[in-house]
Number of protein chains: 2
Amino acid sequence: MLQWRSETRPSRNAAFAATLQDAPTGQLAEVIGLMGACMKFDRGAEIFAEDEAAEYIYMVASGAVRLSKLLSDGRRQIGAFYLPGDIFGLEAEETHSFSAESICDSQVVLVKRSALVAEAVRDGEMARQLWGKTVGHLQRAQSHMLLLGRKNAQERIAAFLMEMAGRQDSDGSVELPMSRQDIADYLGLTIETVSRTLTQLERDGVISMPISRHIVFNDAAALDKMNDGWAA
Amino acid sequence: MLQWRSETRPSRNAAFAATLQDAPTGQLAEVIGLMGACMKFDRGAEIFAEDEAAEYIYMVASGAVRLSKLLSDGRRQIGAFYLPGDIFGLEAEETHSFSAESICDSQVVLVKRSALVAEAVRDGEMARQLWGKTVGHLQRAQSHMLLLGRKNAQERIAAFLMEMAGRQDSDGSVELPMSRQDIADYLGLTIETVSRTLTQLERDGVISMPISRHIVFNDAAALDKMNDGWAA
DNA sequence: CGATTAATTGACAAAACTCAATACGAGTGG
DNA sequence: CCACTCGTATTGAGTTTTGTCAATTAATCG
């Protein structure tokens with residue numbers, strides 16, 4: 001997948017005007033990369049907060065980001081993880097209803113929402129892509145609802161591993177940038193249940209965990225079967 | 001809320017061309033009402049199926065619709081309920097990933113997706129509204145994820161009742177068009193848990209149920225508190 | 001009024017959660 | 001290079017919530 005580096009990207013102001021001419025039917029990601037300014041975020045840093053005005057649209061250049069909502073009593077739901085190449089910040093019209101934090105040290109490209117909208121007004125293809133991305137996020141959210149509503153712990157973990165594998169161009173293993181607590185809050189489980197379920201899958205020979213955040217698939221078919229009948 | 005009747009709506013072919021001129025900055029709902037054709041669906045009838053090409057965009061005129069996904073083993077997740085005035089069918093780009101069924105006898109207005117898109121190309125305001133509606137659906141889906149991920153049965157039921165009340169212009173009561181099974185599949189619970197939880201709320205004096213599908217709020221503040229810290 | 005579907009209730013089982021203790025691992029300083 | 005520390009992850013024991021299966025009651029429709 002895309003692995004943007006700020007060094008290889010022309011600086012914003014220089015490229016701005018020219019870019020828009022060059023990309024009349026531009027890929028959204030390209031345009032964001034060219035129009036946007038790159039920012040670094042440390043592990044745990046907040047990219048935007050709940051109730052903050054939604055002024056920018058974002059793209060992960062490197063690292064990983066979580067979209068989360070925290071409750072008064074400490075419960076937390078993670079709505080999505082964003083990996084390099086992913087665009088986010090589309091889920092708000094006026095203000096954000098979730099916050100976004102950097103899971104590890106990350107680089108994120110920011111574009112003014114107003115600039116993208118202005119571009120979309122002129123370029124129908126751009127409008128179509130912005131809408132399409134939003135529909136894509138909606139489908140992911142629906143797919144996630146499915147998982148949260150009716151899957152047991154093992155099915156959730158299996159679905160999660162397959163999802164992450166599908167989003168990395170992985171051989172037969174996944175590198176997890178997020179903690180067990182993040183996974184738990186994404187899947188609607190406790191950290192203990194996540195841990196036990198992973199251990200059980202390892203005992204069953206389905207996966208191996210050389211280190212806790214690197215998971216090797218020994219029997220991808222078995223994982224597939226746990227997902228049976230559901231979209232990823 | 002809107003309570004469209006097919007009789008009061010000009011027939012499609014007659015009004016089509018004129019309509020578009022009349023509504024240069026039209027409300028999306030208005031335009032759909034004027035451009036669309038009205039169809040009746042019996043209770044339980046399928047409006048569109050999973051994997052079907054997404055050819056239309058829909059608006060509920062009367063009745064109620066559920067968006068659902070069925071598994072091989074019989075588990076079902078309901079992703080959303082649509083009530084009069086609600087627009088749906090935006091969650092797909094090419095093909096539907098959920099099916100939609102009429103919960104009771106309903107009337108639904110259909111518009112060719114291509115016609116709306118063509119309109120959006122000409123009218124930026126229309127494009128903005130289509131995108132905005134999609135974002136709205138995404139926010140609802142995220143809010144629903146939250147509920148499914150971390151709420152207990154009582155909190156889910158309370159959230160559901162408040163949501164439905166908010167969507168009907170209701171005094172202190174809700175009329176539920178859907179069965180207990182539909183509610184259960186929406187909330188990620190079993191029908192028995194839904195039933196028991198409602199009974200418990202009635203015992204506690206929070207609600208009354210003169211009949212099973214009509215729920216009166218005796219203590220809305222108590223319901224509110226069960227929702228504490230969460231968006232509806 | 002009887003038949004059929006929808007909803008409730010009860011008794012028990014299972015899955016996941018809670019609380020507490022222990023182990024692992026990365027980073028730091030001796 | 002090793003020992004120490006702190007955050008992260010795993011494991012265990014016991015509890016709670018929700019699910020399952022079965023029976024009963026209520027509502028709806030001819």
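When reading the values below, keep in mind they use all heavy atoms of this one structure, side chains included, and skip hydrogens, waters and symmetry mates. So you know, we letter chains A, B, ... as the sequences are listed, proteins then strands, and number each from 1.
In this entry the distance linking CD1 of B/I183 with P of D/dT18 reads 16 Å, nearest Å. Taking atom CD of residue A/Q154 and atom C1' of nucleotide C/dA15, one finds them 12 Å apart after rounding to whole Å. Look at CD1 on A/I211: it is 15 Å from C1' on C/dG27, rounded to the nearest Å. Following rounding to the nearest Å, B/E192 (CD) and C/dA7 (P) show an atom-to-atom distance of 12 Å. With rounding to whole Å, A/I191 atom CD1 is found 6 Å from D/dA9 atom P. One interatomic measurement links the two molecules: CE of A/M178 to C1' of D/dT8, which rounds to 15 Å at whole-angstrom precision.
In terms of the ring-ring contact (aromatic ring centres under 6.0 Å, His included) criterion, residue partners of A/F81 (sequence neighbours excluded) are, by chain and number, A/Y186.
Under 4.0 angstrom from either OP1 or OP2 of C/dC17 there lies at least one side-chain N or O belonging to A/T190. For D/dT18, the OP1/OP2 oxygens have no side-chain nitrogen or oxygen of B/T193 closer than 4.0 Å. Phosphate contact (OP1/OP2 of D/dT8, side-chain N/O of A/R43, threshold under 4.0 Å): present.
Side chain of B/R180, nearest nucleotide from C/dC19, C/dT8, D/dT10: C/dT8. Of the listed nucleotides (D/dT18, C/dT8, D/dT11), D/dT18 has the atom at the smallest distance from the side chain of B/N152. The side chain of B/R196 lies closest to C/dG10, out of C/dG10, D/dT10, C/dA16.
As judged by a 4.0 angstrom heavy-atom cut-off over every strand, B/T199 is placed among residues touching the sugar-phosphate backbone only. Using a 4.0 Å heavy-atom criterion, one finds that B/L189 contacts the sugar-phosphate atoms exclusively. No contact: A/L198 has no heavy atom under 4.0 Å from any strand. If you check every strand for non-hydrogen atoms under 4.0 Å, A/R156 touches nothing.
With hydrogens and angles left out, the side-chain atoms of A/E175 and A/H214 include a donor and acceptor closer than 3.5 Å. For the residue pair B/T95/B/D51, the side-chain donor-acceptor check at 3.5 Å is not satisfied. A donor-acceptor contact closer than 3.5 angstrom links the side chains of A/T190 and A/T193.
Nearer to the 5' terminus of DNA chain C, by closest-nucleotide assignment, is the contact made by A/A153 (compared with the other of A/S212 and A/A153).
When ring centroids are compared, A/Y58 and A/Y82 stay outside the 6.0 Å threshold.
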